[in-house]
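Everything below concerns the one structure shown next.
Predicted, not measured: the structure shown is a model, and the values here were computed from it. Letters go in sequence order (proteins before strands), and every chain restarts at 1.
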Number of protein chains: 2
Amino acid sequence: MSTNLSKSKVAVIGLGSMGLGMATSLLRAGFDVAGCDVSAEAVEHFGCAGGRAVRSPAEAARDAEVVVSVVVNAAQTEAVLFGENGAAETMAPGSVFVSAATMDPEIARRLGKGLEATGRLYLDAPISGGAVKAAAGQLTILASGSSAAFAKARPALDAMAGTLYELGDSAGIGAAFKMINQLLAGVHIAAASEAITFAARQGLDLRKVYEVITASAGNSWMFENRVPHVLDGDYTPRSAVEIFVKDLGIVQDMARGARYPVPLAAAALQMFLAAAGSGFGRQDDSAVARIYAQLAGVELPSGK
Amino acid sequence: MSTNLSKSKVAVIGLGSMGLGMATSLLRAGFDVAGCDVSAEAVEHFGCAGGRAVRSPAEAARDAEVVVSVVVNAAQTEAVLFGENGAAETMAPGSVFVSAATMDPEIARRLGKGLEATGRLYLDAPISGGAVKAAAGQLTILASGSSAAFAKARPALDAMAGTLYELGDSAGIGAAFKMINQLLAGVHIAAASEAITFAARQGLDLRKVYEVITASAGNSWMFENRVPHVLDGDYTPRSAVEIFVKDLGIVQDMARGARYPVPLAAAALQMFLAAAGSGFGRQDDSAVARIYAQLAGVELPSGK
């Protein structure tokens, strides 16, 4: 008996830092993984990792039981599914599309309904945890969808996730949870930038500020994680300013549609926009601190 | 030999929930503690706890080696020190005034200089941790002052603090650290309120939101601590809205003076002001969520 016969086929569409990590986690778990990306370099990395490189979502999705989409936003996800050479052209009936991009829950609902109307399954499954956890198969996945979609996707989810939240029985709920997290995360990065640069303005010992705050009621996950980049003057992007321009933009659009005011998220978005507009869009999101420093003539630590 | 002779004398001025806890911690550690408060009820509680009730800061400070001031703000601290029947009238040369109120660092510097010019010591020592930790002698104290002030105050500080940060050699530095913490804490309470009510607006399972966020990058100390009050619909004040009206007000005044923009803190302050203006000033600071709920017609959990 050939082992190949027992290997379940999975497609990964989008092989950036997150998608590549997820694809290698799937390979390690024994899946037959086909992958594609618009970047030739990304595809080559995937080939070196032992993956089967293909040319389009349609080709990747052919014969796959699970199609994992790890692209940047809703528009790309829609193109991956329903665009030319899209996955929906070739996905087998009963196979499941797992969508990892952060997007407006309304769009997730629409994409889910559109695909399920054709006899395929859709799992709304935004991710969090960064590239290191993606490569380790230790992501947090905030998933919602039908029990059939969960059942079909589960072996692949188990290979990619350290924590899998099952948040509801239809697309959109996972996306909504992710947006709540992004609202908080974005506000906390801007607040951390505002506070640490204000401390610099007052001439405080910034490493001592970090020590005190991380042990106090003013702490946040983001303060603890991002402020060291500011202290080191190292704005190499672990996650870029543009990500929160996008995600707080989605929060603001959702909130405006719902007639729900978000003064904190709106203020934070302006600071990310200022950072992007000042040319820091591809720098680490902690570069928001550089805007505060510019605006107030404060000197922050410079990198090596 | 009478043990009384070896008992060091400490005064505690201000016997609210924090001051009373600190005074009882000092009593437990064996100090002879004199206390006063404008409230007869507070003084009575202190007497029941074994303290020596007196009528004024001047009387409390007489013969005390350490005078601990636990009042609400800079104005009260100044009155305790230099007002009628103030501690500065009677403090012995070389004794130390320990100031716990949160205030503008500039005022802490001024009070410190004013007192030290008269031959007494001043320790800038804002506190954090809440009433339970105050009563347990487990506060966090953010202190700055001369080494003489630290030396004189240390036995009393050890009785009151779980963690004592020594942040610099002059008054104002402790206050500045505290204001950085309050900036973050205030923004995080407002952000937590904005996010959890936005989740309610979308019909999400709020306890599930709490579970997911506290395990995710969107978490903050304040989200974790305050959101349960919203989930329980219980706005009994552990710390009141008015505290952050005051503290974010100080942040905004400091920042304006320093020509440093604080868009996040400013947005958060507006929400605390809206809460106070709507009659929630003495409710728990998580009542900011009730403002978001009012503004968007959202129903939050109601208490028992």
If you count heavy-atom pairs within less than 4.5 Å of chain A, which of [options] leads?
{"options": "B:A192, B:G297, B:P261", "result": "B:P261"}
{"options": "B:L167, B:L295, B:V298, B:V209", "result": "B:V209"}
{"options": "B:S216, B:A185, B:G218, B:A265", "result": "B:G218"}
{"options": "B:A255, B:G168, B:A215, B:A266", "result": "B:A255"}
{"options": "B:A190, B:A258, B:G129, B:S128", "result": "B:A258"}
{"options": "B:V187, B:I189, B:V262, B:T163", "result": "B:V262"}

(request) Report yes or no: do B:D234 and B:H229 form a side-chain donor-acceptor pair below 3.5 Å? (result) no
(message) Restricting to ring-ring contact (aromatic ring centres under 6.0 Å, His included), what partner residues turn up for B:F272, sequence neighbours left out?
(response) B:F244
Taking the side chain as C-beta and beyond, is there a heavy-atom pair between [X] and [Y] under 4.5 Å?
{"X": "B:S286", "Y": "B:Y235", "result": "yes"}
{"X": "B:V72", "Y": "B:K246", "result": "yes"}
{"X": "B:V288", "Y": "B:F280", "result": "no"}
{"X": "A:K133", "Y": "A:I127", "result": "no"}
{"X": "A:E166", "Y": "A:F150", "result": "yes"}
{"X": "B:Y292", "Y": "A:P263", "result": "yes"}
{"X": "B:L164", "Y": "B:R154", "result": "yes"}
{"X": "B:D285", "Y": "B:R226", "result": "yes"}

(message) Only heavy atoms, only distances under 4.5 angstrom. Which residues in residues 196-205 of chain B are near chain A?
(response) B:T197, B:F198, B:A199, B:R201, B:Q202, B:L204, B:D205
Under 4.5 Å from a heavy atom of chain A, the part of [X] involved:
{"X": "B:Y165", "value": "side chain"}
{"X": "B:L183", "value": "side chain"}
{"X": "B:S193", "value": "backbone"}
{"X": "B:M179", "value": "neither"}
{"X": "B:E224", "value": "neither"}

(message) Out of A:A217, A:A267, A:S220, return the one with the most heavy atom pairs under 4.5 angstrom to chain B.
(response) A:A217
(message) Using a 4.5 Å heavy-atom cutoff, which residues in residues 100-113 of chain A come close to chain B?
(response) A:P105
Taking distance alone, no hydrogens or angles, what donor-acceptor pairs closer than 3.5 Å link side-chain atoms of residues 134-147 of chain A to residues at least two apart or in another chain?
residue: A:S144; atom: OG; partner: A:S170; partner atom: O; Å: 2.6
residue: A:S144; atom: OG; partner: A:I173; partner atom: N; Å: 3.4
residue: A:S144; atom: OG; partner: A:G174; partner atom: N; Å: 3.0
residue: A:S146; atom: OG; partner: A:A149; partner atom: N; Å: 3.0

(message) Would you compute the distance between atom CD of B:Q182 and atom CD1 of B:I180 and round it to the nearest 0.5 angstrom?
(response) 10.5 Å
(message) Would you compute the distance between atom CD1 of A:I291 and atom CG of A:L273 and round it to the nearest 0.5 angstrom?
(response) 10.5 Å
(message) What I want to find out is whether B:K178 reaches B:D124 closely enough, with some N-O distance under 4.0 Å, to be called a salt bridge.
(response) no
(message) Tell me whether A:E194 contacts the main-chain N or O of B:L264 through its side chain, where contact means a donor paired with an acceptor under 3.5 Å.
(response) yes
